[in-house]
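Below is one structure, written out as structure tokens, with a few remarks after it.
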Number of protein chains: 2
Amino acid sequence: MTTLKELAKLLNISVSTVSKALNDSHEISENTKRRVNELAEKLNYKPNRIAQQLKNNKTKTIGVILPTVTNPFFAEVLHGIEKTATENDYDIIVCLSNESLDKEKRSLELLSNGSVDGFLITVARESQVKEKTDHIAEVLNTKIPVLMFDRVVNEISCDKVIVNDFQLVYDATQYLIKRERRKNILLVSNIEELSVGKLRIRGYRKALEEAGLESNILKLDNVKDVDKTIYEYLKGHPETDGIISIDHITGIIAINMAKNLNKAIPKDLSVIGFGYEHTNLLSSPKISIVHQNAYNIGEMSVKLLIDNLTNENHELQTIVVPSELKLSESTQ
Amino acid sequence: MTTLKELAKLLNISVSTVSKALNDSHEISENTKRRVNELAEKLNYKPNRIAQQLKNNKTKTIGVILPTVTNPFFAEVLHGIEKTATENDYDIIVCLSNESLDKEKRSLELLSNGSVDGFLITVARESQVKEKTDHIAEVLNTKIPVLMFDRVVNEISCDKVIVNDFQLVYDATQYLIKRERRKNILLVSNIEELSVGKLRIRGYRKALEEAGLESNILKLDNVKDVDKTIYEYLKGHPETDGIISIDHITGIIAINMAKNLNKAIPKDLSVIGFGYEHTNLLSSPKISIVHQNAYNIGEMSVKLLIDNLTNENHELQTIVVPSELKLSESTQ
DNA sequence: TTGTATGCGTTATCAT
DNA sequence: ATGATAACGCATACAA
């Protein structure tokens, strides 16, 4: 890599002159600027980013800690994060916790050595279930800003970007009750022990209670044959006329199983799931989904974190990113 | 952040003594080491990574440039990359080209300033279609190692990690011909203009030619209503008794459409697609897939790049990661 | 065993 | 208009 020193030597001028010339300082003559810029161009000079980071004590880099990227929700969040970070001249260093507390902790510790200016994090499943989040609080103690999105820890005070999980499922359930006159609505889930899962289940329960209906929940986390389990449930409960899935996968499976049982969708059974950009391509009839606008979650998270990093008067806040109910063929 | 200087001042010793003590140098007395380590522990000292990077002229960071992460194939590759990088004490900076030549170019240029030690890249669709890859060659000119995976550019000489696309589809097609006695095998695809798509189509053609059968290809890239297009094709060609999908989505749609036409799967129609970890959960009957072992692609890529970065005698090579045909319910 | 000096590449301050 | 020097934090060759 070409350095200032090399340019200076070749031009027989000092390093500081070269530096100033490249930064278009008024102290430098037009002639010198021209000579310097020409040579810099020719040798493809680029200021060494690491040296700048050391000098400025800023990395312009954000640490992003995600449970996984195989889940399309987080994939789309990451898309939003990357795009917005790039637009604001930030790089992102990505770590995947794989839902492990230990990996999450190590990643945070490793990057808390000046590698990044701040963190975006979704707490790992294990950390959340075991309620161990001291490692996150410790990062905040070292004055490195942290923003939590999606899954959050109430006890920790920091910026947060979330979805209105409770309201969303409440609304979706109410839609099935009031608009589609469904009486026996099943909730299927493989995320029941996550904070967001609990909130969604509460929304479902509230809507049913208000309507005087009974709630039925099929918990599928750690279940091996998800398809068979749903099939057997539907077979044993033929009265089921509505399904709310609170994740992005069990709703599609439920549609397939219902079809195998010769249930007409949406005539006999309405289905609403959670989903992302192309989710509804995957089922026939196309599944109606709660679209969480994952991209926007990523976008808002980056913007809020950068505000924290750059704005003296930044105030901690919690942003709720609006979601939308995207009705398709699996509802009437 | 605590620095060596601060520790030195507090202990009334020199910076270099502190540095050596922390690095467990034999030059330093046990007593001093103890004092230093205790204070370092107490103040939660961590060596500033940026300063180390500048000193060593190494970042221990890999730049990863992906077209997207919403595609589960790349998501799983990224998983393999992250895990393997972490195990080898490397960070990853992730950039998403979004299939755009321009974004890919800018990302490469931005990180070619000392930010990373090397690159892992899958060429963007636009770059590949327009055959513009000078920006990648330029990075190599600056002596920063680049490794291409999945989609590769033949004209550029560098490490490569690929899948045996030709052979895979050849084998899958032959399976339908020889084992399942299929005569009218359709290929569906939404990636026909990518290098990997072309290779896969060639494998399909070869197998059919050898068997004296006719090839039929349904190209779906840029098609709006993929489901309807497949439906209409199958309706107009009821003789179709086998389908090869060369991407991870059109195979599932084909199964759904065939069922809508009351075709029995796999009795009337066998289907093989491409897919990843949980792909087969999404269809009923479960789809048979070519599993590309995306995770391994990521893993091998990192290992090969690190060898290039650290091994004096590294020789450029192309690794073919073996895939497997995972038969499930959509074949007999 | 400990300390001093130097340099990584850049930029800001202070001479000349 | 140009140059010398110092500093960011760390590591190491070299003195003492």
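All heavy atoms count here, side chains included; hydrogens, waters and symmetry mates do not. Lettering follows sequence order; numbering is per chain, from 1.
- Residue B:Thr3 is classed as a sugar-phosphate contact, given heavy-atom separations below 4.0 Å to backbone atoms only.
- With B:Lys5 as the partner, the side-chain contact (heavy atoms from CB on, under 4.5 Å) test is satisfied by one option alone out of B:Thr2, B:Thr3, B:Leu7: B:Thr3.
- Judged by closest nucleotide on DNA chain D, A:Asn12 is the one of A:Asn12 and B:Ser16 placed further toward the 5' end.
- A:Asn57 comes within contact range of no nucleotide atom at all, as no heavy-atom separation falls under 4.0 Å.
- As judged by a 4.0 angstrom heavy-atom cut-off over every strand, B:Ile50 is placed among residues making no nucleic acid contact.
- A side-chain N or O of A:Thr17 and one of A:Ser14 form a donor-acceptor pair less than 3.5 Å apart.
- If you check every strand for non-hydrogen atoms under 4.0 Å, B:Val15 touches nothing.
- There is no side-chain donor-acceptor pair under 3.5 Å between B:Asn31 and B:Ser29.
- Here A:Lys20 lies in heavy-atom contact (under 4.0 Å) with a base.
- A donor N or O paired with an acceptor N or O is not found under 3.5 Å between the base of D:dA1 and the side-chain atoms of A:Ser29.
- When heavy atoms are screened at a 4.0 angstrom cut-off, A:Asn23 is found touching the sugar-phosphate backbone but no base atom.
- Within 4.0 Å (heavy atoms only), B:Glu27 reaches at least one base atom of the nucleic acid.
- Position along DNA chain C of the nearest nucleotide to B:Glu30 versus A:Met1 favours B:Glu30 as the more 5'-ward residue.
- Side-chain contact check for B:Phe119 versus B:Ile144: some heavy-atom pair is nearer than 4.5 Å.
- Across its full length, the helix from C:dT1-D:dA16 to C:dT16-D:dA1 shows an angle of 60° between the axes of its 5 terminal pairs at either end, rounded to 10 degrees.
- Residue-to-nucleotide proximity on DNA chain D shows that, of A:Lys55 and A:His26, the 5′-proximal contact is made by A:His26.
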